[in-house]
Every structure is written in structure tokens, then in C-alpha cells.
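Single-structure report; data block below.
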Amino acid sequence: MPEGHVIHRLASDIVDTFAGHRIASSSPQGRFAGARLLDGNVLESAEAWGKHLFVGFASTAAEVHIHLGIYGTMRLAEGEPEVVGQVRWRVTDGVSTVDLRGPNTCALLDPAEVAAVIDRLGPDPLRPDADAQKFIDRVLRSRSTIATLLMDQSVIAGTGNIYRAEVLFRLGIDPLTPGRSLGRERAEAIWQDTVELMRIGRQRGRIDTVRPEHDPEAMGRPPRKDDHGGEVYVYRRQNQPCWICGGPILTNTIAGRNLFWCPVCQAA
DNA sequence: CGGTTATGGTCAT
DNA sequence: TGACCCTAACCGC
């Protein structure tokens, strides 16, 4: 269940583990027809763009396009463990194995198709070539709320529901503020904070958004255990007291996704 | 053990 | 806006 930081980490893990190695490729579940076409190829590259992952091979220009969606996982293991459950794609070099399960997308794409996927994506805060200005301009022109914009992958690629909630809380921004009402300074701050938080997420492999001065230990509070493994201010903390103002964190379903915010710290 | 939920996205209406 | 995709973890019984 990944936001972009997980995909970037995965891409570098795959490169570290398999790049330059001849691999066996299969679809134990049978639902990835392209798997056998790649069997015996040399894996060459793995690259993330937002939540999309592209895996390249030495003897073909085609790439495997993976999107994990909300359920998907891609996990590395040592050796060649027995296949358990539904594995869409397995890659192994005999020393290590990676299993892909439950992806939204797993398909072999030609270069034009890869370009078309990337073309639909906005700048990715974790990519060194990201065009921050493109994000800022798009936000400042939009009548959509900033909560919606931060989930729109054509506006910013890789941000998900946790980073959306946490960045807006950290900056004290009402999630329902229209993009065009934010002003350039706050739009720039949103980009910058997202970059910083997602870099930390990529490095640690978990989402931590709580500033040092609010750390549970520093505040004399017991550490909390969240599914995502890190410490956050508002994500899935509805009905709990806000760490800053003490008022209740609220939640509401907006456009089919759960939004979490503090109505006091993020007042309009 | 069954029901619920999830860090996502597409498509039809 | 809702159905659907598809898997695993979690919760209450």
C-alpha cells in the first residue's frame, strides 16, 4: 500500500539486487503474459515516476510497467522461496527473488506506451529533474481544492493520502482551500515540505511527519504504532486530540478518500 | 472465521 | 458518485 517513496525505494532495491544479472521471469499465477517473454533476459534498470515503476531489460526496448494500486506489494526475498498464494510476477537470479502480488497494473509496454504513461504524470517530488514550477503554476490556476490537487497524479506524482493530510497539517492549511486562493508562497511551501517529507520517507522506508519538538518521547507521550510504521499528526487519528491545540482531529470522505485534518490548526 | 478496511486508479453513469 | 479491480491485515465474534 504505497505512496511514491515506497516505489522509489523499490526501484533502487531492484537495481541493487538484479541489475546486470540474467534472471528467470515467470507468472506463477498466470496473469502476466509478458513474463515468459522476458525469461532469461538480463535485467538492466528499474525506475520510479510517482507511483509507477518501470523495469527495463538488456535485449528489448520494452519495459514492464507496474502500478501497485492500493493492495499491491512487491517484496524481495533471499534464494528462491516456494510460491505462496497469488504471485503475478516473479523475478529471480537464483540468489534473490522478488514477488509481485495484487498489482493494479503489470504489463509489458513499448517505449511509446511508456512515454504516454509518464506524459500524463505531473512532477515527482522525489525525482531530481522535477519541475516544481509546473506544480505551483497548476495549483495557482486551479479552482479545485488543495486536498483534491494533492491526490491528482497529473498535478503532483507520488503523493498519496498520508502525505496529503500531513503536509497540509504541518503548514496549517485548510484542505478545502481552492488552489488559486493559496497564494504563491504557500503553494511553494507545499511543494518544498512534500519534497522534504518524501525524502525522509524514501530513506527510512516509512512515513514520519512529526517535527522533533512534537516527538512523543520529547513530549513524554507513549509512542504510537501506526500501520505505516511512522509517527504522524492527523492521518487516521480522528477523534484523538490534536498534538498542537488539543482539539479533536476530524475526518470526512472527500471524493471517495478519507481526509483527516485539525479544524483549529487548519482554519480557513 | 467472516466482515471490514486500506498509503490507488479506471471506467461507466 | 459508485462499481470494480484484487490482496492482506485486522477486528470482533
Exercise for the section: For the residue pair Y233(A) and W243(A), categorise the inter-ring angle as parallel (less than 30°), tilted (30 to 60°) or perpendicular (more than 60°). Expected result: perpendicular
Practice task
Pick the C1' atom in dT1(C) and in dT7(B), then give their distance to the nearest Å.
Solution key: 22 Å
Exercise for the section: Can you tell me, in whole Å, how much space there is between the P of dC13(C) and that of dT5(B)? Expected result: 14 Å
Length of the line joining [X]:[atom1] and [N]:[atom2], which is rounded to integer Å:
X       : N       : atom1 : atom2 : result
I162(A) : dG8(B)  : CD1   : P     : 8 Å
L68(A)  : dA8(C)  : CG    : P     : 13 Å
Y71(A)  : dC4(C)  : OH    : P     : 12 Å
I7(A)   : dG9(B)  : CD1   : P     : 10 Å
I70(A)  : dA9(C)  : CD1   : C1'   : 13 Å
R120(A) : dT10(B) : CZ    : C1'   : 10 Å
D152(A) : dG8(B)  : CG    : P     : 13 Å
R88(A)  : dC5(C)  : CZ    : C1'   : 9 Å

May I have the list of side-chain donor-acceptor pairs in residues 105-120 of chain A shorter than 3.5 Å, sequence neighbours left out?
from, atom 1, to, atom 2, distance (Å)
D110(A), OD1, A112(A), N, 3.1
D110(A), OD1, E113(A), N, 2.9
E113(A), OE1, D110(A), N, 2.9

Within the pair [X] and [N], is there a side-chain N or O less than 4.0 Å away from OP1 or OP2?
X       : N      : answer
Q153(A) : dG9(B) : yes
H67(A)  : dG9(B) : yes
R164(A) : dT7(B) : no
Y235(A) : dT7(B) : yes
K51(A)  : dT7(B) : no

Under 4.0 Å between a Lys/Arg side-chain N and an Asp/Glu carboxylate O for [X] and [Y]?
X       : Y       : answer
D99(A)  : R90(A)  : yes
R164(A) : E3(A)   : no
D137(A) : R184(A) : yes

Problem - Distance-only side-chain donor-acceptor flag, Q86(A) / R101(A), under 3.5 Å - result: no
Exercise for the section: Would you check if there is a donor-acceptor pair between the side chains of T209(A) and E166(A) at a distance under 3.5 Å? Expected result: yes
Exercise for the section: Would you jot down, in residue-number order, the residues of residues 27-36 of chain A having a non-hydrogen atom under 4.0 Å from DNA chain C? Expected result: Q29(A), R31(A)
Exercise for the section: Under 4.0 Å between any heavy atoms, over every strand shown, what does N104(A) touch: base, sugar-phosphate, or nothing? Just pick one. Expected result: base
Practice task
Compare all side-chain heavy atoms of F57(A) with those of E44(A) and state whether any distance is below 4.5 angstrom.
Solution key: no
Problem - Note, L197(A) side chain near R170(A) side chain (heavy atom, < 4.5 Å) - result: yes
Exercise for the section: List the steps, then state whether side-chain contact (heavy atoms from CB on, under 4.5 Å) holds for D152(A) with R138(A). Expected result: CA-CA 11 Å; D152(A) 183 340; R138(A) 179 86 183 269; 4.0 Å; yes
Fill in the blank from the handout: Ordered by number, residues from residues 251-260 of chain A within less than 4.0 Å of DNA chain B (heavy atoms) are R257(A), N258(A)
